[in-house]
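Hydrogens, waters and symmetry mates play no part in the numbers below; they use all other heavy atoms, side chains included.
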Amino acid sequence: MLDSGLVNQRSQRYPIRSRDGGRTILDSPTPKQKWVLTTESFDVMLLWLNHDRDLAAKKYEEIRVGLIKRFQQLGCREPEELANKTFDRVARKLPDIIGEYKGEREPYFFSIAHYVYKEELRTPVLMSLANTDFSHPDLQATEEMFEKELLDSCLRHCMEKLSPANREMIRDYYHGERQVKIQTRQKIAESMGIKLSNLRLRAQRVRTTLKTCILDCMERKARERTV
Amino acid sequence: MNQDVKQETKIRQYLLGELPLEEQVLLEQRLFLESEYAEMAQAVEDDLVDEYLHDDLSGGERKKFEDHFLGQPEHRADLRIAQALEKYMTSEVVVEPRKGTVLTSIRQLPSLLVSLVTPRRAVSAALATSLLIVFSVITWNAFKPTRPGSGELLQAKDQQPANTPSVSQPSPSPAFVNGNKEQDVKPGPPEKDRGNQAVQQRPPTAIATFQILPGGLARSGGRPNAVRISPDTKTVVLILPLDFAEQYPNYHYELIGDGPVSQGDLKPAANSAEPAVSIALPAKLLNRDLYEITMRGIAADGRSSAPSSYYFKVERPRQ
(Lines give C-alpha, C1' and ligand atoms only; values in the text may rest on other atoms or scores of the structure.)
Protein backbone atom coordinates (compact mmCIF):
# COMPACT_ATOMS: atom_id res chain seq x y z
CA MET A 1 0.00 0.00 0.00
CA LEU A 2 1.39 3.37 -0.95
CA ASP A 3 1.73 6.40 1.31
CA SER A 4 -1.29 8.62 1.44
CA GLY A 5 0.42 11.66 -0.07
CA LEU A 6 0.11 15.36 0.31
CA VAL A 7 -2.74 16.39 -1.94
CA ASN A 8 -5.00 18.90 -0.26
CA GLN A 9 -5.08 21.73 -2.70
CA ARG A 10 -8.48 23.01 -1.68
CA SER A 11 -7.62 23.45 1.97
CA GLN A 12 -4.44 25.24 0.94
CA ARG A 13 -6.43 27.63 -1.17
CA TYR A 14 -9.16 28.25 1.39
CA PRO A 15 -7.60 28.16 4.84
CA ILE A 16 -10.52 27.96 7.22
CA ARG A 17 -10.29 27.59 10.95
CA SER A 18 -13.03 26.85 13.44
CA ARG A 19 -13.77 29.49 16.02
CA ASP A 20 -11.97 27.66 18.81
CA GLY A 21 -9.04 26.73 16.55
CA GLY A 22 -9.80 23.01 16.84
CA ARG A 23 -9.99 20.41 14.09
CA THR A 24 -12.75 20.80 11.52
CA ILE A 25 -14.04 18.54 8.79
CA LEU A 26 -12.14 20.68 6.30
CA ASP A 27 -8.74 20.18 7.91
CA SER A 28 -6.19 18.35 5.85
CA PRO A 29 -4.06 15.60 7.39
CA THR A 30 -0.60 16.60 8.64
CA PRO A 31 1.69 16.60 5.61
CA LYS A 32 4.57 14.15 5.65
CA GLN A 33 8.12 15.22 5.00
CA LYS A 34 8.62 15.57 1.25
CA TRP A 35 10.93 13.08 -0.46
CA VAL A 36 13.31 14.68 -2.92
CA LEU A 37 14.44 13.08 -6.17
CA THR A 38 18.22 12.99 -6.39
CA THR A 39 20.40 12.52 -9.48
CA GLU A 40 21.38 9.13 -8.17
CA SER A 41 17.83 7.88 -7.69
CA PHE A 42 16.87 9.25 -11.10
CA ASP A 43 19.77 7.38 -12.70
CA VAL A 44 18.76 4.18 -10.94
CA MET A 45 15.25 4.61 -12.32
CA LEU A 46 16.54 5.15 -15.86
CA LEU A 47 18.79 2.13 -15.56
CA TRP A 48 15.85 0.09 -14.39
CA LEU A 49 13.90 1.21 -17.45
CA ASN A 50 16.66 0.14 -19.80
CA HIS A 51 20.35 -0.62 -19.45
CA ASP A 52 21.07 1.50 -22.51
CA ARG A 53 20.82 5.07 -21.26
CA ASP A 54 19.76 6.49 -24.63
CA LEU A 55 16.97 3.95 -24.94
CA ALA A 56 16.04 4.56 -21.33
CA ALA A 57 15.81 8.31 -21.94
CA LYS A 58 13.62 7.72 -24.98
CA LYS A 59 11.35 5.41 -23.02
CA TYR A 60 11.23 7.88 -20.16
CA GLU A 61 10.07 10.60 -22.52
CA GLU A 62 7.40 8.35 -24.06
CA ILE A 63 6.07 7.47 -20.64
CA ARG A 64 6.12 11.10 -19.58
CA VAL A 65 4.13 12.20 -22.63
CA GLY A 66 1.68 9.36 -22.05
CA LEU A 67 1.23 10.31 -18.41
CA ILE A 68 0.68 13.99 -19.16
CA LYS A 69 -1.83 13.20 -21.87
CA ARG A 70 -3.81 10.85 -19.63
CA PHE A 71 -3.79 13.23 -16.66
CA GLN A 72 -5.09 15.91 -19.03
CA GLN A 73 -7.83 13.59 -20.28
CA LEU A 74 -8.80 12.91 -16.69
CA GLY A 75 -9.24 16.63 -16.19
CA CYS A 76 -6.33 17.21 -13.82
CA ARG A 77 -5.25 20.82 -13.38
CA GLU A 78 -1.50 20.23 -13.41
CA PRO A 79 -0.77 17.19 -15.55
CA GLU A 80 2.97 17.88 -15.79
CA GLU A 81 3.24 18.19 -12.03
CA LEU A 82 1.42 14.91 -11.56
CA ALA A 83 3.66 13.22 -14.11
CA ASN A 84 6.69 14.46 -12.16
CA LYS A 85 5.12 13.21 -8.96
CA THR A 86 4.66 9.81 -10.57
CA PHE A 87 8.32 9.58 -11.53
CA ASP A 88 9.37 10.73 -8.07
CA ARG A 89 7.19 8.05 -6.51
CA VAL A 90 8.58 5.31 -8.77
CA ALA A 91 12.14 6.36 -8.01
CA ARG A 92 11.38 6.35 -4.30
CA LYS A 93 9.76 2.93 -4.32
CA LEU A 94 12.26 1.28 -6.61
CA PRO A 95 14.66 0.06 -3.93
CA ASP A 96 11.75 -1.71 -2.19
CA ILE A 97 10.33 -3.49 -5.23
CA ILE A 98 13.33 -4.04 -7.43
CA GLY A 99 13.96 -7.52 -6.04
CA GLU A 100 10.33 -8.53 -5.94
CA TYR A 101 8.75 -7.10 -9.10
CA LYS A 102 9.39 -9.19 -12.19
CA GLY A 103 6.90 -7.67 -14.61
CA GLU A 104 7.25 -5.17 -17.46
CA ARG A 105 8.71 -1.84 -16.39
CA GLU A 106 6.46 0.57 -18.25
CA PRO A 107 3.15 -0.58 -16.69
CA TYR A 108 4.61 0.08 -13.26
CA PHE A 109 4.76 3.80 -13.99
CA PHE A 110 1.10 3.86 -14.98
CA SER A 111 0.21 1.78 -11.95
CA ILE A 112 1.82 4.41 -9.73
CA ALA A 113 0.08 7.14 -11.76
CA HIS A 114 -3.22 5.47 -10.83
CA TYR A 115 -2.45 6.06 -7.15
CA VAL A 116 -1.23 9.60 -7.81
CA TYR A 117 -4.51 10.33 -9.57
CA LYS A 118 -6.57 8.88 -6.73
CA GLU A 119 -4.73 11.05 -4.23
CA GLU A 120 -5.40 14.07 -6.44
CA LEU A 121 -9.11 13.37 -6.03
CA ARG A 122 -8.96 13.25 -2.26
CA THR A 123 -10.53 16.23 -0.57
CA PRO A 124 -10.31 17.10 3.13
CA VAL A 125 -13.97 16.13 3.48
CA LEU A 126 -13.35 12.70 1.97
CA MET A 127 -10.38 12.14 4.24
CA SER A 128 -12.36 13.21 7.28
CA LEU A 129 -15.22 10.89 6.31
CA ALA A 130 -12.76 8.07 5.80
CA ASN A 131 -11.13 8.49 9.19
CA THR A 132 -14.19 8.86 11.42
CA ASP A 133 -15.81 5.80 12.93
CA PHE A 134 -19.53 6.55 13.15
CA SER A 135 -20.24 3.19 14.73
CA HIS A 136 -18.28 3.98 17.89
CA PRO A 137 -20.67 3.89 20.86
CA ASP A 138 -19.17 7.04 22.32
CA LEU A 139 -19.80 9.26 19.35
CA GLN A 140 -19.94 12.30 21.54
CA ALA A 141 -17.33 14.58 20.09
CA THR A 142 -18.95 17.57 18.44
CA GLU A 143 -17.12 17.30 15.14
CA GLU A 144 -17.91 13.60 14.65
CA MET A 145 -21.57 14.15 15.49
CA PHE A 146 -21.70 17.09 13.12
CA GLU A 147 -20.08 15.06 10.38
CA LYS A 148 -22.55 12.20 10.76
CA GLU A 149 -25.50 14.56 10.66
CA LEU A 150 -23.97 16.34 7.68
CA LEU A 151 -23.61 13.07 5.81
CA ASP A 152 -27.23 12.09 6.46
CA SER A 153 -28.52 15.53 5.56
CA CYS A 154 -26.47 15.74 2.36
CA LEU A 155 -27.51 12.24 1.35
CA ARG A 156 -31.18 13.20 1.65
CA HIS A 157 -30.54 16.41 -0.29
CA CYS A 158 -28.63 14.60 -3.05
CA MET A 159 -31.20 11.83 -3.37
CA GLU A 160 -33.80 14.52 -4.02
CA LYS A 161 -31.56 16.06 -6.67
CA LEU A 162 -31.50 12.82 -8.65
CA SER A 163 -33.99 12.52 -11.46
CA PRO A 164 -37.06 10.52 -10.35
CA ALA A 165 -36.11 7.72 -12.72
CA ASN A 166 -32.61 7.44 -11.28
CA ARG A 167 -33.90 7.74 -7.74
CA GLU A 168 -36.39 4.97 -8.35
CA MET A 169 -33.80 2.85 -10.11
CA ILE A 170 -31.34 3.16 -7.22
CA ARG A 171 -34.04 2.36 -4.67
CA ASP A 172 -35.15 -0.71 -6.57
CA TYR A 173 -31.59 -1.77 -7.37
CA TYR A 174 -30.55 -1.86 -3.72
CA HIS A 175 -33.88 -3.06 -2.39
CA GLY A 176 -34.12 -6.29 -0.46
CA GLU A 177 -31.80 -8.97 0.76
CA ARG A 178 -29.65 -11.29 -1.31
CA GLN A 179 -31.99 -13.40 -3.45
CA VAL A 180 -34.73 -10.77 -3.59
CA LYS A 181 -32.16 -8.24 -4.71
CA ILE A 182 -30.93 -10.47 -7.53
CA GLN A 183 -34.47 -11.08 -8.76
CA THR A 184 -35.40 -7.40 -8.52
CA ARG A 185 -32.35 -6.42 -10.54
CA GLN A 186 -33.21 -8.95 -13.20
CA LYS A 187 -36.72 -7.48 -13.41
CA ILE A 188 -35.40 -3.94 -13.66
CA ALA A 189 -33.02 -4.91 -16.45
CA GLU A 190 -35.81 -6.69 -18.33
CA SER A 191 -38.20 -3.77 -17.98
CA MET A 192 -35.51 -1.40 -19.28
CA GLY A 193 -34.62 -3.78 -22.10
CA ILE A 194 -30.96 -3.91 -21.16
CA LYS A 195 -28.52 -6.52 -19.88
CA LEU A 196 -27.87 -6.92 -16.18
CA SER A 197 -24.28 -5.80 -16.70
CA ASN A 198 -25.48 -2.53 -18.28
CA LEU A 199 -27.91 -1.99 -15.44
CA ARG A 200 -25.11 -2.45 -12.99
CA LEU A 201 -23.06 0.13 -14.89
CA ARG A 202 -25.95 2.59 -14.77
CA ALA A 203 -26.37 2.03 -11.06
CA GLN A 204 -22.67 2.59 -10.57
CA ARG A 205 -22.82 5.89 -12.49
CA VAL A 206 -25.76 7.11 -10.46
CA ARG A 207 -24.00 6.10 -7.28
CA THR A 208 -20.88 7.99 -8.37
CA THR A 209 -23.01 11.07 -9.06
CA LEU A 210 -24.54 10.69 -5.63
CA LYS A 211 -21.16 10.39 -3.96
CA THR A 212 -19.80 13.49 -5.73
CA CYS A 213 -22.91 15.43 -4.75
CA ILE A 214 -22.63 14.31 -1.12
CA LEU A 215 -18.97 15.26 -0.81
CA ASP A 216 -19.56 18.67 -2.45
CA CYS A 217 -22.57 19.26 -0.20
CA MET A 218 -20.63 18.31 2.93
CA GLU A 219 -17.77 20.60 2.01
CA ARG A 220 -20.08 23.49 1.25
CA LYS A 221 -22.02 23.13 4.51
CA ALA A 222 -18.89 22.65 6.56
CA ARG A 223 -17.47 25.85 5.04
CA GLU A 224 -20.67 27.74 5.87
CA ARG A 225 -20.39 26.57 9.41
CA THR A 226 -16.80 27.61 10.01
CA VAL A 227 -16.60 30.92 8.10
CA MET B 1 -19.94 -11.97 -21.68
CA ASN B 2 -17.48 -14.56 -20.35
CA GLN B 3 -14.74 -12.02 -20.80
CA ASP B 4 -16.68 -9.57 -18.60
CA VAL B 5 -17.10 -12.20 -15.91
CA LYS B 6 -13.38 -13.01 -15.99
CA GLN B 7 -12.48 -9.33 -15.77
CA GLU B 8 -14.86 -8.75 -12.89
CA THR B 9 -13.51 -11.74 -11.03
CA LYS B 10 -10.00 -10.41 -11.40
CA ILE B 11 -11.07 -6.95 -10.23
CA ARG B 12 -12.69 -8.50 -7.19
CA GLN B 13 -9.49 -10.40 -6.42
CA TYR B 14 -7.55 -7.16 -6.81
CA LEU B 15 -9.83 -5.29 -4.41
CA LEU B 16 -9.39 -8.04 -1.82
CA GLY B 17 -5.60 -8.01 -2.23
CA GLU B 18 -5.43 -11.49 -3.74
CA LEU B 19 -3.45 -10.72 -6.89
CA PRO B 20 0.34 -11.09 -7.19
CA LEU B 21 2.23 -7.82 -7.65
CA GLU B 22 2.75 -8.17 -11.40
CA GLU B 23 -0.97 -8.73 -12.10
CA GLN B 24 -1.85 -5.95 -9.71
CA VAL B 25 0.39 -3.56 -11.67
CA LEU B 26 -1.18 -4.51 -15.00
CA LEU B 27 -4.66 -4.06 -13.60
CA GLU B 28 -3.80 -0.67 -12.11
CA GLN B 29 -2.34 0.41 -15.43
CA ARG B 30 -5.69 -0.39 -17.03
CA LEU B 31 -7.56 1.44 -14.28
CA PHE B 32 -5.50 4.52 -15.04
CA LEU B 33 -5.59 4.36 -18.82
CA GLU B 34 -9.08 2.99 -19.56
CA SER B 35 -12.10 4.92 -18.29
CA GLU B 36 -14.56 2.12 -19.05
CA TYR B 37 -12.47 -0.43 -17.22
CA ALA B 38 -12.32 1.97 -14.25
CA GLU B 39 -16.12 2.22 -14.37
CA MET B 40 -16.44 -1.55 -14.40
CA ALA B 41 -14.08 -1.72 -11.42
CA GLN B 42 -16.18 0.86 -9.59
CA ALA B 43 -19.30 -1.24 -10.20
CA VAL B 44 -17.53 -4.33 -8.80
CA GLU B 45 -16.41 -2.27 -5.84
CA ASP B 46 -19.94 -1.00 -5.17
CA ASP B 47 -21.20 -4.58 -5.17
CA LEU B 48 -18.41 -5.68 -2.84
CA VAL B 49 -19.24 -2.91 -0.36
CA ASP B 50 -22.89 -3.84 -0.60
CA GLU B 51 -22.13 -7.50 0.13
CA TYR B 52 -20.01 -6.50 3.11
CA LEU B 53 -22.81 -4.36 4.52
CA HIS B 54 -25.27 -7.23 4.18
CA ASP B 55 -22.86 -9.77 5.60
CA ASP B 56 -22.81 -11.71 2.33
CA LEU B 57 -19.04 -12.16 2.23
CA SER B 58 -17.39 -15.38 3.33
CA GLY B 59 -15.27 -15.27 6.48
CA GLY B 60 -12.04 -15.13 4.51
CA GLU B 61 -13.35 -12.45 2.15
CA ARG B 62 -14.59 -10.38 5.04
CA LYS B 63 -11.18 -10.39 6.67
CA LYS B 64 -9.48 -9.41 3.39
CA PHE B 65 -12.09 -6.68 2.88
CA GLU B 66 -11.36 -5.23 6.32
CA ASP B 67 -7.59 -5.67 6.19
CA HIS B 68 -6.90 -4.72 2.59
CA PHE B 69 -9.85 -2.95 0.97
CA LEU B 70 -10.53 -0.63 3.87
CA GLY B 71 -6.85 0.27 4.00
CA GLN B 72 -7.53 3.01 1.44
CA PRO B 73 -9.25 6.18 2.65
CA GLU B 74 -11.54 6.50 -0.37
CA HIS B 75 -12.82 2.96 0.24
CA ARG B 76 -13.56 3.80 3.85
CA ALA B 77 -15.40 6.92 2.72
CA ASP B 78 -17.35 4.81 0.20
CA LEU B 79 -18.33 2.46 3.00
CA ARG B 80 -19.58 5.33 5.17
CA ILE B 81 -21.65 6.65 2.30
CA ALA B 82 -22.99 3.16 1.53
CA GLN B 83 -23.95 2.73 5.18
CA ALA B 84 -25.78 6.04 5.14
CA LEU B 85 -27.50 5.06 1.88
CA GLU B 86 -28.55 1.71 3.36
CA LYS B 87 -29.98 3.46 6.40
CA TYR B 88 -31.79 5.93 4.14
CA MET B 89 -33.28 3.11 2.02
CA THR B 90 -34.53 1.11 4.97
CA SER B 91 -36.04 4.13 6.67
CA GLU B 92 -37.82 5.34 3.50
CA VAL B 93 -41.41 4.23 2.87
CA VAL B 94 -40.96 2.51 -0.45
CA VAL B 95 -44.04 1.85 -2.53
CA GLU B 96 -43.79 -1.61 -4.02
CA PRO B 97 -43.86 -1.33 -7.80
CA ARG B 98 -46.61 -3.05 -9.71
CA LYS B 99 -45.51 -6.25 -11.33
CA GLY B 100 -43.78 -5.60 -14.63
CA THR B 101 -43.75 -1.83 -14.29
CA VAL B 102 -40.70 -1.17 -12.26
CA LEU B 103 -39.98 2.05 -14.07
CA THR B 104 -42.52 4.58 -15.28
CA SER B 105 -42.38 6.73 -18.36
CA ILE B 106 -41.50 9.76 -16.27
CA ARG B 107 -37.82 9.27 -16.99
CA GLN B 108 -38.41 10.63 -20.49
CA LEU B 109 -39.26 14.12 -19.17
CA PRO B 110 -36.80 16.84 -18.26
CA SER B 111 -36.51 17.07 -14.52
CA LEU B 112 -38.01 20.60 -14.56
CA LEU B 113 -41.34 19.18 -15.69
CA VAL B 114 -41.13 16.13 -13.49
CA SER B 115 -41.25 18.30 -10.38
CA LEU B 116 -44.80 19.24 -11.38
CA VAL B 117 -45.93 15.64 -11.58
CA THR B 118 -47.87 14.09 -8.72
CA PRO B 119 -46.39 11.07 -6.99
CA ARG B 120 -49.25 8.77 -7.87
CA ARG B 121 -47.95 6.57 -10.65
CA ALA B 122 -51.07 6.19 -12.74
CA VAL B 123 -51.89 9.91 -12.72
CA SER B 124 -48.29 10.95 -13.18
CA ALA B 125 -47.80 8.66 -16.17
CA ALA B 126 -50.83 10.18 -17.93
CA LEU B 127 -49.86 13.73 -17.01
CA ALA B 128 -46.29 13.10 -18.03
CA THR B 129 -47.39 11.86 -21.44
CA SER B 130 -49.59 14.94 -21.96
CA LEU B 131 -46.80 17.26 -20.91
CA LEU B 132 -44.41 15.47 -23.24
CA ILE B 133 -46.74 16.04 -26.17
CA VAL B 134 -47.12 19.74 -25.34
CA PHE B 135 -43.40 20.04 -24.81
CA SER B 136 -42.67 18.43 -28.15
CA VAL B 137 -44.98 20.89 -29.92
CA ILE B 138 -43.25 23.86 -28.32
CA THR B 139 -39.89 22.38 -29.24
CA TRP B 140 -40.94 21.79 -32.84
CA ASN B 141 -42.07 25.39 -33.16
CA ALA B 142 -38.76 26.59 -31.74
CA PHE B 143 -36.80 24.48 -34.17
CA LYS B 144 -38.85 24.64 -37.35
CA PRO B 145 -36.58 23.53 -40.16
CA THR B 146 -35.18 26.46 -42.15
CA ARG B 147 -32.42 24.61 -43.89
CA PRO B 148 -31.33 21.18 -45.04
CA GLY B 149 -30.05 18.86 -42.36
CA SER B 150 -31.79 20.68 -39.51
CA GLY B 151 -33.19 17.33 -38.44
CA GLU B 152 -29.96 17.05 -36.46
CA LEU B 153 -31.09 19.88 -34.21
CA LEU B 154 -34.09 17.84 -33.20
CA GLN B 155 -31.82 15.07 -32.04
CA ALA B 156 -30.75 17.30 -29.17
CA LYS B 157 -34.35 16.90 -27.98
CA ASP B 158 -34.06 13.14 -28.03
CA GLN B 159 -30.89 13.21 -26.04
CA GLN B 160 -31.69 11.69 -22.66
CA PRO B 161 -31.64 14.56 -20.24
CA ALA B 162 -30.32 14.30 -16.73
CA ASN B 163 -30.52 10.52 -16.55
CA THR B 164 -26.89 9.95 -17.20
CA PRO B 165 -24.69 11.45 -14.55
CA SER B 166 -23.04 14.65 -15.58
CA VAL B 167 -19.59 15.59 -14.36
CA SER B 168 -20.29 19.31 -14.40
CA GLN B 169 -23.12 21.21 -12.97
CA PRO B 170 -25.45 22.20 -14.28
CA SER B 171 -25.86 19.16 -16.49
CA PRO B 172 -26.42 20.05 -20.12
CA SER B 173 -30.10 20.13 -20.96
CA PRO B 174 -31.59 21.14 -24.28
CA ALA B 175 -32.02 24.88 -24.68
CA PHE B 176 -35.57 24.59 -25.82
CA VAL B 177 -36.69 23.84 -22.28
CA ASN B 178 -37.25 27.60 -22.27
CA GLY B 179 -39.28 27.38 -25.44
CA ASN B 180 -36.90 29.62 -27.29
CA LYS B 181 -38.26 30.44 -30.70
CA GLU B 182 -35.18 32.02 -32.20
CA GLN B 183 -34.40 30.68 -35.61
CA ASP B 184 -31.02 29.18 -36.15
CA VAL B 185 -28.78 30.13 -39.02
CA LYS B 186 -27.96 28.04 -42.01
CA PRO B 187 -25.15 25.62 -41.47
CA GLY B 188 -22.02 25.18 -43.05
CA PRO B 189 -20.18 25.49 -45.80
CA PRO B 190 -18.02 23.39 -47.97
CA GLU B 191 -16.12 20.85 -45.96
CA LYS B 192 -12.64 22.26 -46.41
CA ASP B 193 -13.36 25.70 -45.12
CA ARG B 194 -16.10 24.96 -42.65
CA GLY B 195 -14.38 26.30 -39.58
CA ASN B 196 -13.60 29.56 -41.29
CA GLN B 197 -17.20 30.05 -42.42
CA ALA B 198 -18.39 29.26 -38.91
CA VAL B 199 -16.39 32.21 -37.64
CA GLN B 200 -17.24 34.73 -40.31
CA GLN B 201 -20.88 34.29 -41.29
CA ARG B 202 -22.95 33.71 -38.19
CA PRO B 203 -24.98 36.64 -36.93
CA PRO B 204 -25.70 36.85 -33.21
CA THR B 205 -28.43 34.42 -32.13
CA ALA B 206 -29.69 32.85 -28.89
CA ILE B 207 -29.08 29.38 -30.31
CA ALA B 208 -25.94 28.86 -32.36
CA THR B 209 -25.11 25.66 -34.18
CA PHE B 210 -21.67 24.50 -35.23
CA GLN B 211 -20.41 21.43 -36.95
CA ILE B 212 -17.27 20.07 -35.31
CA LEU B 213 -15.16 17.83 -37.51
CA PRO B 214 -13.40 14.89 -35.92
CA GLY B 215 -9.68 14.78 -35.49
CA GLY B 216 -7.10 17.32 -34.42
CA LEU B 217 -7.33 21.03 -34.16
CA ALA B 218 -6.49 21.70 -37.76
CA ARG B 219 -7.17 19.50 -40.72
CA SER B 220 -4.84 19.85 -43.64
CA GLY B 221 -5.83 22.81 -45.76
CA GLY B 222 -8.53 23.94 -43.36
CA ARG B 223 -9.02 26.12 -40.32
CA PRO B 224 -9.44 24.70 -36.83
CA ASN B 225 -12.95 23.91 -35.60
CA ALA B 226 -14.05 27.22 -34.14
CA VAL B 227 -17.13 27.98 -32.07
CA ARG B 228 -17.97 31.67 -32.09
CA ILE B 229 -20.17 32.65 -29.17
CA SER B 230 -21.72 36.11 -29.28
CA PRO B 231 -22.89 37.83 -26.09
CA ASP B 232 -26.51 36.92 -26.64
CA THR B 233 -25.88 33.28 -27.47
CA LYS B 234 -27.65 31.23 -24.83
CA THR B 235 -27.24 27.78 -26.24
CA VAL B 236 -24.60 26.19 -28.41
CA VAL B 237 -25.52 23.14 -30.43
CA LEU B 238 -22.55 21.12 -31.63
CA ILE B 239 -23.11 18.72 -34.49
CA LEU B 240 -20.54 15.96 -34.60
CA PRO B 241 -20.25 13.80 -37.73
CA LEU B 242 -19.51 10.27 -36.61
CA ASP B 243 -16.17 8.88 -37.61
CA PHE B 244 -16.50 5.20 -36.62
CA ALA B 245 -15.96 2.06 -38.66
CA GLU B 246 -19.44 0.87 -37.76
CA GLN B 247 -22.68 2.52 -36.68
CA TYR B 248 -23.85 2.19 -33.08
CA PRO B 249 -27.31 2.60 -31.59
CA ASN B 250 -25.94 4.90 -28.87
CA TYR B 251 -22.94 7.07 -28.25
CA HIS B 252 -21.33 8.37 -25.09
CA TYR B 253 -19.50 11.68 -25.07
CA GLU B 254 -17.28 13.52 -22.63
CA LEU B 255 -16.55 17.22 -23.03
CA ILE B 256 -13.24 18.24 -21.50
CA GLY B 257 -11.94 21.75 -21.00
CA ASP B 258 -9.36 22.34 -18.33
CA GLY B 259 -11.31 19.65 -16.51
CA PRO B 260 -14.39 17.55 -17.21
CA VAL B 261 -17.24 19.83 -18.29
CA SER B 262 -20.03 17.56 -19.34
CA GLN B 263 -20.86 14.05 -20.41
CA GLY B 264 -23.89 12.17 -21.62
CA ASP B 265 -25.42 9.55 -23.88
CA LEU B 266 -26.61 10.38 -27.38
CA LYS B 267 -28.50 8.78 -30.22
CA PRO B 268 -27.50 9.44 -33.82
CA ALA B 269 -29.73 11.73 -35.89
CA ALA B 270 -32.38 9.66 -37.63
CA ASN B 271 -32.87 11.74 -40.75
CA SER B 272 -29.38 12.82 -41.55
CA ALA B 273 -27.54 11.98 -44.76
CA GLU B 274 -24.35 11.27 -42.87
CA PRO B 275 -24.30 9.79 -39.37
CA ALA B 276 -23.99 12.49 -36.73
CA VAL B 277 -24.96 13.34 -33.19
CA SER B 278 -25.64 16.71 -31.64
CA ILE B 279 -24.95 18.12 -28.22
CA ALA B 280 -26.81 21.14 -26.86
CA LEU B 281 -24.95 23.10 -24.20
CA PRO B 282 -25.58 26.32 -22.30
CA ALA B 283 -23.16 28.87 -23.78
CA LYS B 284 -21.97 29.85 -20.33
CA LEU B 285 -20.44 26.39 -19.88
CA LEU B 286 -17.92 27.15 -22.63
CA ASN B 287 -15.79 29.68 -20.82
CA ARG B 288 -12.38 28.37 -21.81
CA ASP B 289 -10.45 28.57 -25.09
CA LEU B 290 -9.94 24.97 -26.06
CA TYR B 291 -12.12 21.91 -25.68
CA GLU B 292 -11.99 18.23 -26.53
CA ILE B 293 -14.94 15.93 -27.02
CA THR B 294 -14.25 12.21 -26.82
CA MET B 295 -16.96 10.07 -28.35
CA ARG B 296 -17.46 6.33 -28.00
CA GLY B 297 -19.95 4.12 -29.77
CA ILE B 298 -21.99 1.93 -27.40
CA ALA B 299 -23.16 -1.35 -28.91
CA ALA B 300 -26.44 -2.99 -27.95
CA ASP B 301 -24.59 -5.43 -25.70
CA GLY B 302 -22.92 -2.60 -23.83
CA ARG B 303 -19.51 -2.85 -25.49
CA SER B 304 -17.96 0.46 -26.28
CA SER B 305 -15.71 1.40 -29.14
CA ALA B 306 -12.35 3.09 -29.06
CA PRO B 307 -12.83 6.82 -28.67
CA SER B 308 -12.94 9.36 -31.44
CA SER B 309 -11.80 12.88 -30.54
CA TYR B 310 -13.08 16.26 -31.65
CA TYR B 311 -11.28 19.49 -30.81
CA PHE B 312 -12.63 22.98 -31.04
CA LYS B 313 -11.71 26.41 -29.85
CA VAL B 314 -14.13 28.95 -28.52
CA GLU B 315 -14.05 32.53 -29.76
CA ARG B 316 -15.87 35.29 -28.02
CA PRO B 317 -15.88 38.91 -29.22
CA ARG B 318 -13.93 41.26 -26.97
CA GLN B 319 -16.19 43.39 -24.82
Side-chain angles (χ1 to χ4, degrees), chain A residues 1 4 70 72-73 75-77 97 100-103 107-108 110-111 113-115 117-118 121-122 126-127 129-132 134 151-152 155-156 159 163-166 168-169 171-172 174-175 177-178 184 187-188 191-192 194-195 197-198 200-201 203-211 214-215, chain B residues 1 4 21-29 31-33 35 39-40 42-43 46-47 50 54 56 68 71-78 80-81 83-89 92 94 97 100-104 106-107 111 114 117 161-167 256 258-260 292 294 301-302:
Chain A
M1 191 66 61
S4 62
R70 185 56 185 158
Q72 268 174 344
Q73 286 174 345
C76 300
R77 286 182 180 273
I97 61 124
E100 181 193 349
Y101 181 68
K102 304 294 177 208
Y108 190 76
F110 292 102
S111 152
H114 165 68
Y115 284 98
Y117 174 62
K118 278 173 58 165
L121 296 179
R122 285 179 195 164
L126 184 144
M127 293 302 289
L129 197 57
N131 295 326
T132 305
F134 292 151
L151 173 57
D152 289 339
L155 173 61
R156 280 194 298 276
M159 281 296 285
S163 68
N166 279 344
E168 188 177 330
M169 191 258 286
R171 277 192 186 129
D172 292 341
Y174 289 105
H175 176 68
E177 297 295 328
R178 212 181 306 186
T184 307
K187 278 187 199 165
I188 299 172
S191 74
M192 291 173 78
I194 59 176
K195 287 184 173 184
S197 55
N198 290 348
R200 184 208 226 168
L201 207 55
Q204 173 267 312
R205 285 176 181 168
V206 173
R207 196 153 154 162
T208 300
T209 301
L210 203 54
K211 178 183 163 185
I214 289 169
L215 291 174
Chain B
M1 185 71 174
D4 279 351
L21 180 58
E22 289 74 20
E23 286 189 53
Q24 185 184 315
V25 164
L26 289 174
L27 194 145
E28 284 164 351
Q29 178 182 232
L31 287 175
F32 179 67
L33 293 175
S35 298
E39 271 191 333
M40 183 196 293
Q42 185 63 57
D46 289 345
D47 283 352
D50 202 39
H54 289 95
D56 288 339
H68 183 84
Q72 293 197 35
E74 42 278 318
H75 293 164
R76 294 198 295 277
D78 284 345
R80 304 269 181 271
I81 292 172
Q83 284 167 333
L85 186 62
E86 175 74 15
K87 183 181 150 194
Y88 174 86
M89 297 294 186
E92 279 267 297
V94 176
T101 58
V102 179
L103 292 174
T104 70
I106 293 176
R107 72 175 184 270
S111 45
V114 169
V117 174
N163 271 350
T164 43
S166 173
V167 176
I256 303 162
D258 62 345
E292 178 189 3
T294 58
D301 62 1

I need the residue from [options] with the largest number of non-hydrogen atom pairs under 4.5 Å to chain A.
{"options": "B/M40, B/H75, B/Q42", "answer": "B/Q42"}
{"options": "B/L27, B/T294, B/D50, B/L33", "answer": "B/L33"}
{"options": "B/D47, B/D46, B/I81", "answer": "B/D46"}
{"options": "B/Q24, B/E86, B/R76", "answer": "B/R76"}

Inter-residue atom distance A/L210.CG - A/N166.CG, 0.5 Å rounding = 10.0 Å
Rounded to the nearest 0.5 Å, what separation is found between the CZ atom of A/R207 and the CG atom of B/D78?
-> 7.5 Å
Does the side chain of A/Q72 reach to within under 4.5 Å of the side chain of B/E292, using non-hydrogen atoms?
-> no
Would a 4.5 Å heavy-atom cut-off, applied to side chains only, mark B/L26 and B/E22 as touching?
-> no
State whether a side-chain donor-acceptor pair under 3.5 Å links A/Y108 with B/E28.
-> no
Can you name the closest pair of heavy atoms from B/V25 and A/S111 and give their distance?
-> O-CB, 3.7 Å
Structural part of B/L85 lying under 4.5 Å from a heavy atom of chain A | both
So which part of B/S35 gets closer than 4.5 Å to some heavy atom of chain A, the side chain, the backbone, both or neither?
-> both
Side chain, backbone, both or neither: which part of [X] has a non-hydrogen atom closer than 4.5 Å to chain B?
{"X": "A/Y117", "answer": "side chain"}
{"X": "A/E100", "answer": "both"}
{"X": "A/R200", "answer": "both"}
{"X": "A/I214", "answer": "side chain"}
{"X": "A/I194", "answer": "neither"}

Is it true that B/E74 and A/R122 make a salt bridge, defined as a side-chain N closer than 4.0 Å to a carboxylate O?
-> yes
Residue pair A/R70, A/Q73: steps toward the side chain to side chain donor-acceptor pair (under 3.5 Å) verdict = CA-CA 5 Å; A/R70 185 56 185 158; A/Q73 286 174 345; 3.0 Å; yes
